[in-house]
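The residues of the chain are indexed from 1 along the displayed sequence. Source: prediction; values computed, not measured.
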Amino acid sequence: MAVSLDQEQQNMFKKAFAMFDTGKTGSIEKEKVRTILNTLGHTYDDMELLSMLDSEDVEGTGKLNFESFCRVALHFNEEVDDEALQKELKEAFRLYDKDGNGFIPISSLREILGALDDQLTGEQLNEMIAEIDTDQSGTVDFDEFMEMMTGD
């Protein structure tokens, strides 16, 4: 079954998937899908999610490929409200922007990414941070953070 995503969704899902497919194996652990859905601001019913994950993991490997991940994420995507997502991300950003400067240090971003995926190596974190902190300022403003989390 092919998944039909618009370009924006596809980019967002690709970024999220790539963040957790740290070994670039083309698959991610099923447990990480929950984290990704939370990160993207999706609401879901736990039992419904478990059931979908199990039905997508036909071989019982405990992993999902990108297409399976897209089907699951798309299923819960309908419930996402852009305003709610932005509010949630602002809240998360504010927690790390302790001084209210409008930016967070790279060390905090490293902490966030590390918390999202404890399998990331230091080198992978450095690569991700280099992609996010394009101006190499050593800090990430809300727009850069938002782009990282949503692909917008």
> Which value, rounded to the nearest 0.5 Å, describes the distance between Asp57 atom CG and Met52 atom CE?
12.5 Å
> Find the distance between NZ (Lys63) and OG1 (Thr25) and round it off to the nearest 0.5 Å.
5.5 Å
> Do Leu109 and Glu144 have side-chain heavy atoms sitting under 4.5 Å apart?
no
> I need the full list of salt bridge (Lys or Arg N to Asp or Glu O under 4.0 Å) pairs touching residues 32-43, with sequence neighbours left out, sorted by first then second residue.
Glu29-Lys32, Lys32-Asp117, Arg34-Asp46
> Could you tell me whether a side-chain N or O of Asp133 sits under 3.5 Å from a main-chain N or O of Val140, the two making a donor and an acceptor?
no
> Any chance you could measure Phe69, atom CZ, to Leu37, atom CG, to the nearest 0.5 Å?
6.5 Å
> Do Asn65 and Ser68 pair up side chain to side chain, a donor and an acceptor below 3.5 Å, judged on atom types alone?
yes
> How long is the gap from OG1 on Thr139 to CD1 on Ile106, to the nearest 0.5 Å?
6.5 Å
> Taking the side chain from Glu56 and the backbone from Leu53, do they hold a donor-acceptor pair closer than 3.5 Å?
no
> Does the side chain of Thr22 reach to within under 4.5 Å of the side chain of Thr121, using non-hydrogen atoms?
no
> If you look only at pairs with a residue in residues 96-108, which of them pass as a side-chain hydrogen bond (donor to acceptor under 3.5 Å, both in side chains), with sequence neighbours excluded?
none
> Roughly how far, to the nearest 0.5 Å, is CG of Leu125 from CD of Glu111?
11.5 Å
> Hey, quick one: are Ile28 and Leu74 part of the same hydrophobic cluster, counting side-chain heavy atoms closer than 4.5 Å, chains of contacts allowed?
yes
> Can you tell if the side chain of Glu127 reaches within under 4.5 Å of the side chain of Glu123, non-hydrogen atoms only?
yes
> Could you tell me whether the side chain of Phe13 reaches within less than 4.5 Å of the side chain of Phe66, counting heavy atoms only?
yes
> List the steps, then state whether side chain to side chain contact (heavy atoms under 4.5 Å, CB included) holds for Arg110 with Asn126.
CA-CA 8 Å; Arg110 181 179 295 277; Asn126 290 341; 2.5 Å; yes
> Looking only at non-hydrogen atoms, find the nearest pair between Asp21 and Gly26 and report the distance.
OD2-N, 2.8 Å
> Under a single-linkage definition using a 4.5 Å side-chain heavy-atom cutoff for Ile, Leu, Val, Met, Phe, Trp and Tyr, are Met128 and Phe20 assigned to the same hydrophobic cluster?
yes
> So Asn38 and Tyr44, do their side chains get closer than 4.5 Å, heavy atoms only?
yes
> When rounded to the nearest 0.5 angstrom, what distance separates CZ in Phe93 from CG in Asp141?
6.5 Å
